[in-house]
Novice: 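Here it is: the structure, laid out below.
Positions are given from 1 along the sequence. All values below come from the heavy atoms of this structure, side chains included, with hydrogens, waters and symmetry mates left out.
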Amino acid sequence: MLEQEIFNIKTEALKNISHSSSIEDLKFWRVQYLGRKSRLNEILKGLKDFSLEKRQKIGPLANTIKKEIADFWEQKNRELERSIDWEKEKIDITAPGKKVSGGHLHILTQVQNEIEDIFIAMGFEIADGPEVEKEYYNFNALNIPPHHPARDSQDTFWLKSDENKGTDKILLRTHTSAAQVRYMEKNFPPFRIIVPGRIFRREATDATHEHTFHQFEALVVGDDVNMRHFKHLAEEFFSRFFGKKIKIRLRPSYFPFVEPGFEFDISCTVCGGIGCAACKKTGWLEVGGAGMVNQEVFRAAGYLPRQYQGFAWGFGIERLAMMKYKIDDVRLFHSGDLRFIRQF
Ligand code: FA5
């Protein structure tokens with residue numbers, strides 16, 4: 001019987017509403033008993049199919065009970081709202097705000113900017129070169145012809161391309177020295193430039209070797225530029241970078257694009273040169289390569305023989321950042337590990 005069903009709905013609804021202990025529960029029961037798809041609404045919607053007599057009986061009954069349930073619901077809702085602990089809900093406007101982490105420049109970018117600022121302050125200009133480079137600029141123009149043993153020390157990622165068929169193959173540059181002849185083809189001395197950039201080597205990685213890393217090339221060319229200028233400049237640069245007096249030591253070495261060529265060390269940034277674990281008790285840290293630009297390189301750039309002289313030097317940015325910030329593994333820079341990145 002429909003009347004009985006309506007009374008049952010009321011009993012059940014009042015019971016469930018009165019047992020609700022949260023506003024969420026209460027909202028659920030309102031949908032159940034008073035919502036568009038509730039049984040009471042269905043009964044009211046179906047009235048039109050009933051006889052007049054039945055309509056007159058069921059209609060008012062269903063409407064009254066719907067109103068009773070709604071009133072009861074409102075009353076319970078007010079009760080629950082009153083019982084909310086407003087003390088807990090209060091906003092403490094004196095509480096410190098939550099810090100929004102806005103991201104920041106990667107440590108390598110910071111170090112690169114720092115290096116650039118020091119060189120710019122010393123009168124240098126910043127030049128650029130492509131990461132995908134021609135074999136010519138990376139090797140041949142730097143006095144490293146095919147089959148020259150110096151190519152072995154910089155194992156190369158060669159790229160496949162149509163242009164690779166000829167003599168001018170394409171590769172990922174293995175050092176920023178590749179930018180030297182590119183720049184000199186378009187500019188005449190005197191000049192002093194730096195070329196910061198990413199470079200690539202096909203080699204196994206370990207704590208001090210990456211396959212993708214960054215170098216800084218510095219090139220100073222003029223009428224009377226010599227290695228004394230280099231030594232002074234390098235000492236000045238590293239002292240500014242590390243914020244303390246740094247000495248430079250040159251050791252004879254071989255790079256085909258410089259003559260004479262050197263590897264250079266800086267006095268240990270940890271112990272100052274006395275000898276410690278960081279410098280393996282030698283007092284020196286190896287930083288990069290340098291030397292007087294080989295006249296063959298000037299020739300490749302189109303300069304007249306013996307007209308100019310200059311020096312070039314290159315060093316790894318990661319290695320420098322590792323020394324300054326006491327980072328013991330080069331692979332951390334590109335690891336994408338936020339715990340590392342957020343420290344700087
Ligand atoms: C060169 O790349 C020469 N182009 C440097 C140069 C420039 C010499 C101008 C003379 C004149 P080398 O391969 O030694 O040289 O690399 C230079 C520096 O790059 C190293 O001293 C080191 O600081 C850094 N480096 C080299 N290999 C790696 C590597 N796998 N991972 C991280 N840093 C590296």
Side-chain angles (χ1 to χ4, degrees), residues 112 115-116 119-120 122-146 148-151 153-157 167-201 213-227 229-231 233-234 237 250 253-264 287-317 320:
Q112 182 167 326
I115 297 172
E116 285 177 8
F119 275 109
I120 287 168
M122 296 196 293
F124 279 70
E125 277 179 39
I126 299 176
D128 204 4
E131 289 175 357
V132 174
E133 183 54 283
K134 291 182 175 176
E135 175 188 18
Y136 173 74
Y137 289 109
N138 197 82
F139 290 127
N140 306 40
L142 294 173
N143 197 29
I144 318 176
H148 191 289
R151 290 198 180 195
S153 67
Q154 298 185 359
D155 223 344
T156 308
F157 288 113
T167 49
D168 215 0
K169 294 201 269 180
I170 294 182
L171 45 76
L172 294 179
R173 67 175 171 190
T174 59
H175 53 177
T176 43
S177 304
Q180 286 189 15
V181 170
R182 274 190 180 277
Y183 182 85
M184 289 195 282
E185 277 177 347
K186 298 208 174 78
N187 297 274
F188 280 95
F191 60 76
R192 355 177 184 183
I193 57 160
I194 46 165
V195 186
R198 188 160 57 157
I199 65 155
F200 311 84
R201 290 188 191 176
F213 59 102
H214 297 76
Q215 282 186 340
F216 249 89
E217 189 84 1
L219 183 65
V220 178
V221 181
D223 294 329
D224 183 24
V225 177
N226 60 53
M227 282 309 279
H229 296 134
F230 162 75
K231 199 158 180 256
L233 181 78
F237 165 73
L250 298 178
S253 184
Y254 176 67
F255 299 96
F257 37 98
V258 285
E259 177 59 33
F262 304 93
E263 271 182 282
F264 65 95
V287 177
M292 294 300 290
V293 179
N294 192 316
Q295 289 295 326
E296 284 302 309
V297 177
F298 286 149
R299 199 175 55 78
Y303 295 172
L304 291 174
R306 311 251 150 240
Q307 194 177 7
Y308 300 112
Q309 54 187 41
F311 62 78
W313 51 311
F315 56 85
I317 306 184
L320 224 53

Novice: Can you list, pair by pair, the side-chain donor-acceptor contacts under 3.5 Å of residues 253-264, counting residues two or more places apart and other chains?
Specialist:
from	atom 1	to	atom 2	distance (Å)
Ser253	OG	Glu263	OE1	3.4
Tyr254	OH	His148	NE2	3.3

Novice: Kindly compute the distance separating OH (Tyr303) from OH (Tyr308), expressed to the nearest 0.5 Å.
Specialist: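 Between atom OH of Tyr303 and atom OH of Tyr308 there are 7.0 Å.
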Novice: Hey, could you give me the CD/OG1 distance between Glu135 and Thr156, rounded to the nearest 0.5 Å?
Specialist: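 Glu135 atom CD to Thr156 atom OG1 measures 9.0 Å (nearest 0.5 Å).
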Novice: Return yes if some donor-acceptor pair links the side-chain N/O of Arg151 with the main-chain N/O of Ile144 below 3.5 Å, else return no.
Specialist: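 Checked: pair present.
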Novice: Roughly how far apart are Phe157 CZ and Leu171 CG, rounded to 0.5 Å?
Specialist: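 So the gap between those two atoms works out to 11.5 Å.
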Novice: Please name the residue in the list Gln215, Glu131, His214 that meets the side-chain hydrogen bond (donor to acceptor under 3.5 Å, both in side chains) test with Arg198.
Specialist: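 Considering Gln215, Glu131, His214, a side-chain hydrogen bond (donor to acceptor under 3.5 Å, both in side chains) with Arg198 is found only for Glu131.
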Novice: Any side-chain to backbone donor/acceptor pair from Gln309 onto Val225? Under 3.5 Å, distance only.
Specialist: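 Yes, because the side chain of Gln309 sits within donor-acceptor range (under 3.5 Å) of the backbone of Val225.
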Novice: Between the main-chain N or O of Arg306 and the side-chain N or O of Gln295, is there a donor-acceptor pair closer than 3.5 Å?
Specialist: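 It does hold such a pair.
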Novice: Classify the ring geometry of Phe191 against Tyr183: parallel below 30°, tilted from 30° to 60°, perpendicular beyond 60°.
Specialist: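 The arrangement is perpendicular - the two ring planes meet at more than 60°.
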Novice: Hey, are Tyr137 and Glu185 close enough side-chain-wise for a donor-acceptor pair under 3.5 Å?
Specialist: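 There is such a pair between these side chains.
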Novice: Could you tell me whether Phe237 and Phe315 have their ring centroids closer than 6.0 angstrom?
Specialist: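 So the answer is yes for these two rings.
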Novice: Please report the interatomic distance CH2(Trp313) to CD1(Ile194), rounded to the nearest 0.5 Å.
Specialist: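 That separation rounds to 9.5 Å.
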Novice: Is there a donor-acceptor contact under 3.5 Å from the side chain of Arg201 to the main chain of Thr174?
Specialist: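 Confirmed, Arg201 side chain pairs with Thr174 backbone.
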Novice: Roughly how far, to the nearest 0.5 Å, is the CD atom of Glu125 from the CZ atom of Arg192?
Specialist: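 Here the rounded value is 10.0 Å.
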Novice: Output yes when a side-chain donor or acceptor of Arg173 lies under 3.5 Å from a complementary backbone atom of Gly197, and no otherwise.
Specialist: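 Checked: no pair found.
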